[in-house]
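First comes the structure, then the notes that go with it.
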Amino acid sequence: VSETEFNEAPLVDAVARERFRTEWDRNFAVSANAGSGKTTAISERLAALALSPDAAERLRRTAVVTYTKKAAAQIGLRAREVLMRRAREETGGGLSALDHLDRVFFGTIHSFCLKLAQTYGQTVGIHLNPTVVTDEGDAALWEEFVEQDTMDFASLDAPEIEAFLRHVPLETVFDFARQLDSATAAAFRRPIGPRPNPSTADCERLLAIVPKGSGRKNILLSQERAKAWNEAWNRGAAFLPIYEPAGSAQAVVECAEAWMAPLKRWLAEAAAVLAAELAERYRAWRFERGVQTYADQIDAAMAVLHAPVLLDRIRAEGWRIILDEAQDTDPQQFAVLVEIARPAGAVVGTWPDRGGVPPEPGHFCMVGDGQQAIYGSRADVGNFSRHLDAFRRGDGGERLEFQVTFRAPHAVIELLNATLPEAFGPAHLRNFGLPPTEGAPAPFLQIGYVPLAACPLNSAGDVCRLPLAEPARESSGVEGWLAEEARQVGRWLAEHGPAGVGARRWD
Amino acid sequence: VPSPRTELLLARHADSAWLGVVRPWIESGRGKLERGYIVVPTRGQAQGLKQRCLEDNVAVLGIEFLTPGLARKKWLSLVPTGAADALPERSPPRPAIGRELLLFGLRVLIARRLDALAPSASEWGLLKSLQSDPERALDDFDELLKNGFSADDFSIELLRDVFRELTDWVEQHGYAFAAVEAAAAGLHEIPEGGPKLAGRALVYGLGAEMSGEFANVAAFVRRVNDVTVVLPEPEFRGRSDLDERWVEIWTRLLGVEPLPIDAPEPAKTCESVGAIWLGEPGNTDDVDVLVGRSRGDEMRWVCDRIVSLLAGGAENIAVVFPRADASHFQLARLLGERGVPFSDLLGTVGSPPIDVQVQRALLTFYEREGRIEDLLALWPLLRAVGSATLSVADARRAVERSFDLWQTHATVRHLDTWKEDAPELARVAELLLPVWPAPLTLADALARFRAVCDELDIEAPEGCGALDAFAQKNSDLFPLNAVAAAIASFLPETFPVANAISRNGFARVSLTTRRRAEGLAWSHTIFVESNLGVWPERRDPSCWLTDEDRAALNVRRSGRSLGLFTADDRAALERLGFIGLARNTRDGITFSASLYSEEEPEARLGPNSWLERVLWARQEAAGSDEGNLFDRSAHAYPISDDADPVELDRWTAIWNGRRDPARKFDEYFFAGDPARITPPKLSAKLIERGVQDPAELWFQAVLGVRSVDWEPFVRARRKALGQRAHELLASALQPASGTVRGFGEMPARPEAEATLQRALAELRRRWPADRYWDSFHAELEQICRTLLDNVYAIEAGRFVATEVWLPAGAHLPLASRNFPVVGRIDLVRLDRPEWRGAHVDIVDFKTGGDLELSAERMARNASSLQLGVYLAAAASLGATGGNVWMLKPEPEGVAKLGFEELGRALAPLAWLDHALTSGVYGALTRDRSDYAPEGCVWPLACTPIPAAILERKFAATFSEPVVGETEEPAS
């Protein structure tokens with residue numbers, strides 16, 4: 001099927017697509033599922049903007065940001081191709097609009113933050129010529145930092161530090177400290193109070209367990225260790241690692257966890273405080289060395305935005321942001337992009353949650369799909385949802401849905417629509433979404449499922465369903481269930497061979 | 001410029017300029033003993049004009065080609081120091097300060113200001129930013145000076161202050177700014193009777209982009225009596241005002257009206273190709289487009305195109321690169337391989353001479369206060385100059401060992417250890433040390449630097465005269481990094497490759513850049529790398545002198561300056577420059593581009609804006625509407641297949657055989673003649689690792705190759721704890737009194753505890769008093785005490801030896817032979833002071849990992865096989881019974897394996913016997929993964945074969961279950 005045929009196919013979401021393409025003075029949050037043509041949609045909007053009468057002014061300060069350099073470059077290229085096609089179709093020639101596209105920033109969010117910091121940040125002391133190190137590549141840098149650091153800490157009292165170091169090597173906070181961004185580190189620096197004692201009752205429960213069965217030897221050993229640990233605790237001073245039971249007898253493990261829980265919680269809090277202090281020192285040292293991590297780039301942009309004069313200067317320049325892969329954008333990154341699109345004088349951090357003024361019309365669009373979030377460790381789907389909700393209620397813009405997918409056959413789409421809503425629904429027994437607030441019980445937060453629609457030109461396709469058996473033993477967490485699923489699918493594939501899925505051979 | 005002859009001419013085409021002005025000008029000097037100067041923008045134009053002279057048989061005797069920089073030297077030569085009338089505004093003239101010293105001065109001034117400020121001060125932030133980017137600020141300052149502005153014209157107050165201070169600093173040290181001097185010499189009339197250069201001058205091809213050099217050229221022109229200036233004719237389109245103002249400035253300088261040259265326009269030109277870029281109607285008949293799948297492909301197509309053009313009689317071909325890069329290097333190589341003569345105006349640069357590389361590495365060593373990794377970076381260079389002979393691998397291993405011991409990167413802390421362990425490393429380190437103090441004077445730094453160069457027997461740094469002169473004038477103390485950067489700035493980073501192909505020769509093909517090709521007539525021009533984002537390149541201004549600042553300053557520019565270029569100005573001038581090249585091309589233009597990025601093969605590239613429009617115009621002309629012409633133009637370069645098919649088949653069979661799971665390991669895969677490759681002995685540890693992955697044995701024992709990790713030196717707490725615990729326990733458990741063959745009475749427990757306590761205290765003093773080492777030491781103490789408890793919990797003989805090497809004669813009783821084995825045991829306890837007839841207890845301290853000790857595990861996956869080997873070796877020495885113990889630093893962390901279990905535990909050694917006998921080892925190397933945090937595993941097979949295939953090959957070779965294949969049952 002040719003591109004032209006696809007372009008001319010009647011789509012159920014054609015109105016949404018056309019609105020996104022042509023309504024440049026409105027903000028949109030586009031929910032675009034896999035294969036729905038996000039890149040094309042953004043490119044179409046840019047091309048239409050470039051062909052508009054005031055394109056030079058609008059595109060002079062337009063930034064299209066996404067997660068990889070490659071994706072950003074592809075959007076840029078695609079926009080040019082679309083523009084040339086449009087130019088031929090609608091204007092009958094003339095390519096001066098291409099010059100306007102030359103002015104658009106296409107890049108990653110990190111490179112955009114770097115640009116912001118380097119362009120505007122000199123008065124707040126931004127490093128203008130940094131060497132960027134990857135998370136993996138800073139081992140030598142960290143080592144250099146650690147060696148020259150005083151390794152003295154002011155954020156905890158001396159007895160607290162000694163109490164911490166009695167149970168945990170200081171080095172255990174290092175990995176954490178290396179990765180902390182500025183805002184998180186600041187949030188961690190708070191008083192933690194004195195170290196609690198382990199729960200005596202839980203220890204006694206552990207010692208009272210009657211050893212029996214195949215685990216008898218380990219239970220006895222665990223109890224001996226518990227006594228030794230208690231004695232060492234009471235003696236004080238010497239290094240004393242957290243108690244670990246021998247074996248995996250459930251009763252012993254539960255008692256041990258309960259026994260150590262108060263101490264572990266305190267140690268975790270103390271580790272966070274120490275890591276935060278170290279992270280701050282590491283950040284300052286990096287600055288002196290002219291080295292930036294990706295997180296530093298975001299921090300640098302945030303530092304600029306927290307200078308009201310600079311922020312208003314940036315806002316006055318009228319930046320227009322199109323954010324792709326919004327679901328993988330972490331809260332700090334979101335904040336940078338949102339804040340520069342808001343009107344001068346808007347108080348930082350007051351939109352979308354605190355009733356503040358939203359971004360200027362036409363200055364902030366985001367395209368994403370929560371169901372495709374892949375950066376679980378750093379992105380915050382909750383944050384993405386908050387922005388989506390704001391647009392849904394008309395605060396700052398509108399929400400559009402691209403339901404049509406060009407990627408999957410009709411039969412697959414029908415199956416997905418029939419099965420996924422239930423699988424991701426709050427009523428599902430194993431909903432591995434995020435707690436709506438920290439520590440909240442199920443039902444967990446999941447991005448609402450947006451039913452897919454097939455492009456009429458998609459192939460018919462075929463599906464078969466492989467029911468998975470409930471494992472004898474409950475799996476643990478997403479990885480555990482995934483491994484179980486992989487085992488069962490692998491077994492089935494091994495049994496049925498390529499013919500089982502209609503293929504001739506595997507390679 | 002009052003002179004006997006002054007002309008200002010405007011040329012639209014290079015060919016017309018050549019015929020109408022340049023050639024007649026050169027020829028008019030024929031037969032006269034008269035000096036003539038031709039001032040051109042770059043050496044590219046000089047080369048081009050010389051070649052044209054050669055082609056047209058025009059003699060250039062007495063003609064000297066000058067770039068603006070060389071013209072500056074000419075007029076400066078007329079200004080002897082102290083000559084009151086040399087420069088209208090300054091007397092006597094001062095030496096112009098170079099950029100290197102200026103940058104040093106700026107860095108020092110910023111550092112001084114920061115020293116006096118707290119981070120909370122309002123100026124601190126801006127100064128920190130300025131400190132991070134002084135180069136661009138200095139570029140902006142230079143641009144201000146060249147356009148008649150000064151430090152007072154920066155829009156940021158603090159910047160004004162800093163650069164005023166810099167101006168004063170320059171004055172105080174007796175220097176002048178080159179731009180200011182040039183302005184004084186060029187923009188003001190010289191006094192009556194002032195010195196002049198003999199001869200005549202032709203200024204050719206200087207466009208508005210060269211306005212920064214205007215003052216220098218004007219100063220030269222003022223000192224010549226016979227001047228002809230040929231400027232590009234204004235375009236009257238795009239940002240034409242710059243072209244027009246450029247002509248006005250010259251008109252004002254020369255005092256004559258510009259005249260169009262009197263020469264016919266060329267009959268044929270590719271001007272219309274340039275017009276397409278400006279959105280004007282154009283013609284693409286003379287355009288070829290070459291799109292490679294990759295940049296490499298593109299260059300191969302370009303090379304073919306050049307060969308074909310030359311075969312068709314092309315007279316002179318310009319191959320225009322955006323910069324000297326890998327593609328340029330590749331094309332130069334391809335042309336060389338095809339025997340195509342070419343002139344390379346980009347030049348091939350390489351590393352500087354080895355002595356300079358050593359000098360730069362030395363500076364890094366001192367700037368970073370003498371770190372071991374910088375010493376190791378220096379090491380191969382020192383070997384190259386003959387100042388060191390120890391192999392890099394041995395040096396690295398020695399440093400690794402001492403790093404494990406000292407846990408610091410400061411070279412000085414390792415010195416004593418190296419004196420014992422690696423004397424050559426110590427010798428060189430002693431030559432390099434002490435590290436430079438901070439702060440220090442420049443003179444001190446230069447003296448130290450020269451002294452160490454002398455000690456290492458390398459050349460002293462050359463070309464530092466200006467720095468030496470400055471150092472004599474100034475005895476201030478400067479920050480170490482500023483001093484090191486200043487010295488480094490006088491050392492070349494790159495060096496022209498002496499034997500590069502076809503540099504500066506005359507040829508029909510010129511590899512050049514747009515700036516170097518402008519103003520010359522070409523029969524064909526090839527614009528390579530015509531991809532979006534490669535060229536044209538938009539350069540944003542720095543934050544120190546923004547476009548807004550520039551526009552505001554330009555309002556009050558003098559009539560002798562074009563003003564400060566904004567990013568738009570630069571982009572427009574660059575575009576006009578390219579279009580000018582098209583205009584000066586007669587027969588055809590070729591654009592070449594790549595469809596995919598070489599660095600990121602999945603990233604598709606697009607055409608640049610000119611090629612994009614050319615393709616569009618071509619489609620319009622053809623009435624075609626078929627998708628993306630750029631993509632459709634892309635072709636992979638066919639790979640020539642001139643390999644010997646028989647040889648190719650042979651190697652293909654070998655290649656396939658290595659990957660065939662059913663095929664046994666053979667001589668092409670970790671196997672050889674056992675008579676020649678069998679190692680004389682093996683260590684117990686290597687036997688364990690070799691059974692788990694025979695490739696380990698192959699590399700280490702058969703080939704004698706050891707891996708040298710080149711990872712950063714980072715503290716590994718667990719490893720350091722283990723090493724220190726082993727040392728401390730060995731010290732605490734040493735025999736109490738005299739020994740027989742290394743064995744003596746086991747010390748009583750209180751005695752061992754006291755020894756341990758003393759050793760721990762001694763060790764703590766070795767490291768800094770901080771929380772990190774407090775924490776480390778507390779854990780170490782706990783490990784040592786627990787292990788000591790466990791040692792004394794064992795019922796064993798009263799004779800002990802620590803860190804015992806297996807004596808000669810220890811062997812493994814394999815089915816086919818007794819095979820010598822070596823190894824060092826943490827602790828051995830005997831019931832009599834000799835092995836023969838003794839009950840032996842071998843103790844191994846395990847401070848890392850969660851290994852268990854059992855005959856089953858040993859037999860199944862060679863887990864802790866090393867310990868079983870020790871016990872078997874003890875038996876071979878005559879021990880009559882005993883155990884091997886694994887002690888862990890946890891209460892009751894004791895496990896043992898007895899003599900009676902050895903037969904079962906050592907089952908994997910059957911494979912070893914097979915391998916030693918047959919010479920076939922094979923491999924069971926784990927799969928590599930791009931995502932593995934530790935990167936590639938050692939040993940690497942020379943081709944990566946999946947572990948699953950290796951396992952099947954292994955089974956096919958040895959016809960028995962594969963070690964490690966069986967999953968561990970859940971405990």
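Convention: sequence-line order gives letters A, B, ...; per-chain numbering from 1.
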Could you check which of [options] has the highest count of heavy-atom pairs closer than 4.5 Å to chain B?
| options | result |
| --- | --- |
| Glu81(A), Arg80(A), Gln74(A) | Arg80(A) |
| Asn218(A), Val146(A), Asp102(A), Thr119(A) | Val146(A) |
| Met151(A), Glu224(A), Gln118(A) | Met151(A) |
| Asp99(A), Val168(A), Leu101(A), Leu221(A) | Asp99(A) |
| Glu244(A), Gln122(A), Lys70(A) | Gln122(A) |

Which answer fits [X], side chain, backbone, both or neither, if we ask what part of it has an atom under 4.5 Å from a heavy atom of chain B?
| X | result |
| --- | --- |
| Ile161(A) | side chain |
| Glu147(A) | both |
| Phe164(A) | neither |
| Ala158(A) | both |
| Phe287(A) | side chain |
| Pro130(A) | neither |

Between [X] and [Y], does any side-chain N to carboxylate O distance fall below 4.0 Å?
| X | Y | value |
| --- | --- | --- |
| Arg538(B) | Asp568(B) | yes |
| Arg368(B) | Glu144(A) | yes |
| Arg281(A) | Asp152(A) | no |

Report which part of [X] has an atom under 4.5 Å of a heavy atom belonging to chain A: side chain, backbone, both, or neither.
| X | result |
| --- | --- |
| Leu605(B) | backbone |
| Arg718(B) | neither |
| Glu890(B) | side chain |
| Asp540(B) | side chain |
| Phe713(B) | backbone |
| Glu123(B) | neither |
| Glu781(B) | neither |

Checking Glu171(A) against Tyr772(B): is there a side-chain donor and acceptor pair closer than 3.5 Å?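 Glu171(A) and Tyr772(B) do have a side-chain donor-acceptor pair below 3.5 Å.
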For the residue pair Thr786(B) and Asp789(B), confirm or rule out a side-chain donor-acceptor distance under 3.5 Å.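 No, Asp789(B) and Thr786(B) have no side-chain donor paired with an acceptor closer than 3.5 Å.
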How about Arg539(B): does its CZ atom have over 12 heavy atoms from other parts shown lying under 6.0 Å from it?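 Incorrect, the count does not exceed 12.
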What pair of heavy atoms forms the shortest contact from Thr39(A) to Ile75(A), and how long is it?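 Nearest heavy atoms, Thr39(A) then Ile75(A): CG2-CG1, 3.8 Å.
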Tyr282(A) six-ring centre to Arg286(A) NZ/CZ under 6.0 Å and within 45° of normal: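 Pair Arg286(A)/Tyr282(A) counts as cation-pi.
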Parallel, tilted or perpendicular: which one describes the rings of His167(A) and Trp229(A), with boundaries at 30° and 60°?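 Rings of His167(A) and Trp229(A): parallel, under 30°.
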Parallel, tilted or perpendicular: which fits the ring planes of Trp767(B) and Trp773(B), with parallel below 30° and perpendicular above 60°?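 It falls in the parallel class, under 30°.
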Are the side chains of Asp140(B) and Phe154(B) in contact, using a 4.5 Å heavy-atom criterion?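 A side-chain contact exists here, since the closest heavy-atom pair is under 4.5 Å.
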Determine, step by step, whether Lys69(A) and Glu600(B) satisfy the salt bridge (charged side-chain N to carboxylate O under 4.0 Å, His left out) criterion, reporting the C-alpha distance in whole Å, the side-chain angles of both residues, the deciding distance to 0.1 Å, and the verdict. CA-CA 10 Å; Lys69(A) 277 190 261 185; Glu600(B) 205 175 339; 5.9 Å; no
Heavy-atom pairs under 4.5 Å with chain A - which of [options] has more of them than the others?
| options | result |
| --- | --- |
| Ala603(B), Pro712(B), Cys543(B) | Cys543(B) |
| Pro119(B), Ser542(B), Ser132(B) | Ser132(B) |
| Arg613(B), Glu892(B), Glu602(B) | Arg613(B) |

Quick one, Thr847(B) with Leu721(B), criterion side chain to side chain contact (heavy atoms under 4.5 Å, CB included). Give me CA distance, side-chain angles, the key distance, then yes/no. CA-CA 8 Å; Thr847(B) 52; Leu721(B) 284 169; 6.0 Å; no
